[in-house]
Every structure is written in structure tokens, then in C-alpha cells.
Amino acid sequence: MARVLTDAPSGTRLAPARAPKPSIEGRASGSAPSSRRGRRRGANEASGWQALLWLSPALLLIAAIVIYPAITLFSTSFSEYSITGIRKGDAGFANYAGFLSSPDLPKVVLNTGIWVVAVVAITIVIGLALAQFLSKDFWGRRVVRWAVIVPWSAALVITSQLFRLLFDYYHGTINAVLLALHVIPKPIDFLGNPPLLMASMILVGVYVSLPFTAYLFVAGLSAIPTDVYEAARIDGASPRQIYTTITLPLLRPAMLIAVVLNMIYVFNSFPIIWIMNGSNPGFGNDTLITYMYKIAFKSAQHDVGVAAAAGVFNVIVILIAVIVYVRLTRTRAENPS
């Protein structure tokens, strides 16, 4: 018999309570999340392996031209080599000690600092001005943009050799023109005088680096909304105020990329320094890159181990410079005051 519940005060009978039947959604809710999570995990794993498969050619290329040479460079810096390049055994930190104690190192480091800072700073300033010009609408703008990109598209060795011929003491075009105009009484030794040689190399470095930097700034300027400029003009801002308070702050991401990439590119620029300065004896106008090459192949030492230690030192220097600049830029962006 079914049990009957009676309410004591009123004496009324109450129907027995029955548990509700679980719905179809309720019966399936226990297994659905787990199966859904399992399917999602399987799909993520499958997509991860597919992405790795598609990226494998690029990863193999990076491992072949970046990771393996870096490991080889690091291991070579701790090895001793003969003058013919045959490994003789472990050298410990002797290569680093020999490199850091070299009497030519301070001059080479100073040359590297002047070379990198001058080329990057001049390139950024001229690149900003050139980007402003290329962003304007004028007749023949497309032709001008094509002309600007020519120095970047040409081979660096060809460009360096061309400028070497222009600066040549005996047959250089620059000396010939200056002599024909009676500006100078005799030819100028651009490639033999250390200050003039450094200035000439900086000129070539700026010439080569300018197109990429200018186009990077052109892309940054095109990304700035025109409404911001219109609002500033309505508020009565002058062109100088618009440039300093709107254009430059909004160009900060593009400027960060330009400075970092140019620092790495200019620091590692070998052809310009070597072609314009390679015939000069000693290390008076060398940077760390050409100094490392001369130690390994051109000097009386022919010491591959010391040159490898110099290469590791170069990597550390450029990493420190980039990290310091990025941190300073980030701090300045967070605290503009």
C-alpha cells in the first residue's frame, strides 16, 4: 500500500513526494563535459602537431643557420687551435683572457660605439623627415618611393665598392669634381685619414639603412587616424605641437622596431667596414666585427679560438644594448612625465 502523509493540524492527506525524473539533458550532462573536453584536447593536440609540421622547414632552417653556428661558436671559444686551424685541445678561459687583454680592444670598442650610435641616430632623424615627405600627396610620389628603395635593394658589397671608388684618392669622382670646381687644391685622402674614413663609413651606413627605416616610419604614419589630427587642429594646436604630442608618441612602436633592428644590423655590418677599411694596416678603424675577422684570418695570430671569444663578446654586447634600450623605452612610455 502507498504510504499516506497526514498533516497533523488539519488532518488533510498529502500525496507522497516523488523524486523528479531526470531529463534527457540531465542524464547526458554528466558525460557531456568530459567528452567535450576530451574532444577539445584531441583537437588542440592535432592542431599543434599540424602547426609544428608546417613550421618544421623554417625551424630546421633556423637550427641550421642560427642555433648550430651559435653552439659551434661557443664551443670554439673554449678550445685551442693551431695557426692552421687544427684543434689542439681545451683552452678554458684563456681565449677570453687574451681577447680582453688585447691593447687594441679599447680603440676597437670606441670605433664600434661611434659607428653604431652615429649611423642609427642619423638614420632615425633623416628617416623621420623622409617619411613625412613620402607620406604627402604630390605628383610623382610613386617614382620617388621607388628611387628611395634602390639603396636597400642593391647588394651591400656592390654599394660599398661603389662608394670606395667614389672616395678613391687618385681616381675618385668626388676628388675629381672638387678639383674641377677649384674647391680644394689637392685630392683629399678620404680612406687614409682616420676621421675622414670613419665619416665616410658612417655616410655609407646611413645611405644603406635609410630606405628600410623611412618605409617603416611611413607605415607607422599611415596607421595614425586622421581624426586625431583634425581634432588637434580644431583645438588650435600648432604644427609643432601636433608633431611632438601626437605624431612622435604614436610612432613610438615603429621607432622602437627601427632602432633595435638598425642597432643589430649596423653592429653586424661587415662589408662596409671591410671594403672601405680592409686595406689599412692595424686595427685603428676597425669595429668588433672586422677585428674578429682579422684575428682569425688576417693578423699574425691566426687564432680561431680568440676570434670565437670575440664573437661571443659581440653577441653579449649587442644583447645588452638592445635590452637596455628596450627597458628605457618602456620605462619612458610608462612614465612620460
Side-chain angles (χ1 to χ4, degrees), residues 58 115-167 172-174 177 190 199-233 237-276 318 322 325-326 329 333:
W115 160 253
V116 174
V117 173
V119 172
V120 173
I122 297 174
T123 300
I124 294 299
V125 173
I126 300 179
L128 282 171
L130 186 59
Q132 291 283 346
F133 173 71
L134 294 177
S135 298
K136 297 182 180 298
D137 190 10
F138 58 90
W139 184 84
R141 184 178 66 172
R142 180 176 299 179
V143 177
V144 174
R145 287 188 172 186
W146 289 347
V148 169
I149 206 172
V150 169
W152 184 68
S153 60
L156 191 56
V157 175
I158 296 176
T159 303
S160 303
Q161 188 63 42
L162 173 64
F163 273 92
R164 178 179 174 82
L165 295 176
L166 291 175
F167 287 118
T173 306
I174 296 177
V177 172
F190 291 102
S200 303
M201 293 189 299
I202 291 173
L203 175 63
V204 179
V206 172
Y207 175 81
V208 172
S209 306
L210 191 58
F212 170 78
T213 306
Y215 272 95
L216 189 61
F217 288 148
V218 167
L221 289 172
S222 62
I224 300 177
T226 57
D227 299 342
V228 180
Y229 291 114
E230 294 177 359
R233 295 189 187 97
S238 63
R240 179 180 178 182
Q241 291 174 332
I242 292 175
Y243 188 76
T244 56
T245 61
I246 295 177
T247 304
L248 286 181
L250 293 179
L251 274 179
R252 187 175 289 117
M255 192 173 299
L256 175 63
I257 297 174
V259 172
V260 170
L261 292 182
N262 276 310
M263 285 175 60
I264 299 173
Y265 176 76
V266 174
F267 184 89
N268 294 315
S269 181
F270 177 83
I272 296 175
I273 309 296
W274 182 253
I275 291 176
M276 301 190 69
I318 192 62
V322 170
Y325 177 78
V326 171
T329 304

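It should be emphasised that the depicted structure is a prediction, and the values quoted were computed from it without experimental measurement.
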Specify the closest pair of heavy atoms between [X] and [Y], including all atoms of both residues, with the distance to one decimal.
| X | Y | value |
| --- | --- | --- |
| L221 | S135 | CD1-OG, 3.4 Å |
| V120 | V259 | CG1-CG1, 4.3 Å |
| W115 | M201 | CZ3-O, 3.0 Å |
| M255 | Y325 | O-OH, 4.2 Å |
| G127 | L210 | N-CD1, 3.5 Å |
| A232 | I246 | CB-CD1, 3.5 Å |

With a 3.5 Å cut-off and sequence neighbours excluded, list the donor-acceptor pairs that the side chains of residues 155-164 form with protein atoms.
| unit_1 | atom_1 | unit_2 | atom_2 | d |
| --- | --- | --- | --- | --- |
| T159 | OG1 | A155 | O | 3.1 |
| S160 | OG | L156 | O | 2.8 |
| R164 | NH1 | I275 | O | 3.0 |

Reported [atom1]-to-[atom2] distance for the pair [X] and [Y], which is rounded to 0.5 angstrom:
| X | Y | atom1 | atom2 | answer |
| --- | --- | --- | --- | --- |
| Y229 | L250 | OH | CG | 6.5 Å |
| N268 | I273 | CG | CD1 | 11.5 Å |
| T226 | R233 | OG1 | CZ | 9.0 Å |
| L128 | T247 | CG | OG1 | 10.0 Å |
| I264 | S269 | CD1 | OG | 13.5 Å |
| T123 | I202 | OG1 | CD1 | 10.0 Å |

Test log, rule side chain to side chain contact (heavy atoms under 4.5 Å, CB included), inputs L165 and T173: CA-CA 7 Å; L165 295 176; T173 306; over 6 Å; no
Less than 4.5 Å apart, any side-chain heavy atom of F267 and any of V322?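 Result no, sub-4.5 Å side-chain heavy-atom pair not found.
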With the side chain counted from C-beta on, respond yes when L203 and F167 share a heavy-atom pair under 4.5 Å apart, and no when they do not.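 Of all side-chain heavy-atom pairs linking F167 with L203, at least one is under 4.5 Å.
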Under the ring-ring contact (aromatic ring centres under 6.0 Å, His included) test, which residues partner F133, sequence neighbours left out?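 Per chain and number, F133 pairs via ring-ring contact (aromatic ring centres under 6.0 Å, His included) with F138.
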Show every donor-acceptor pair shorter than 3.5 Å between a side-chain atom in residues 211-220 and any protein atom, with sequence neighbours excluded, or say none if there are none.
| unit_1 | atom_1 | unit_2 | atom_2 | d |
| --- | --- | --- | --- | --- |
| T213 | OG1 | S209 | O | 3.0 |
| T213 | OG1 | N262 | ND2 | 2.9 |
| Y215 | OH | R145 | O | 2.5 |

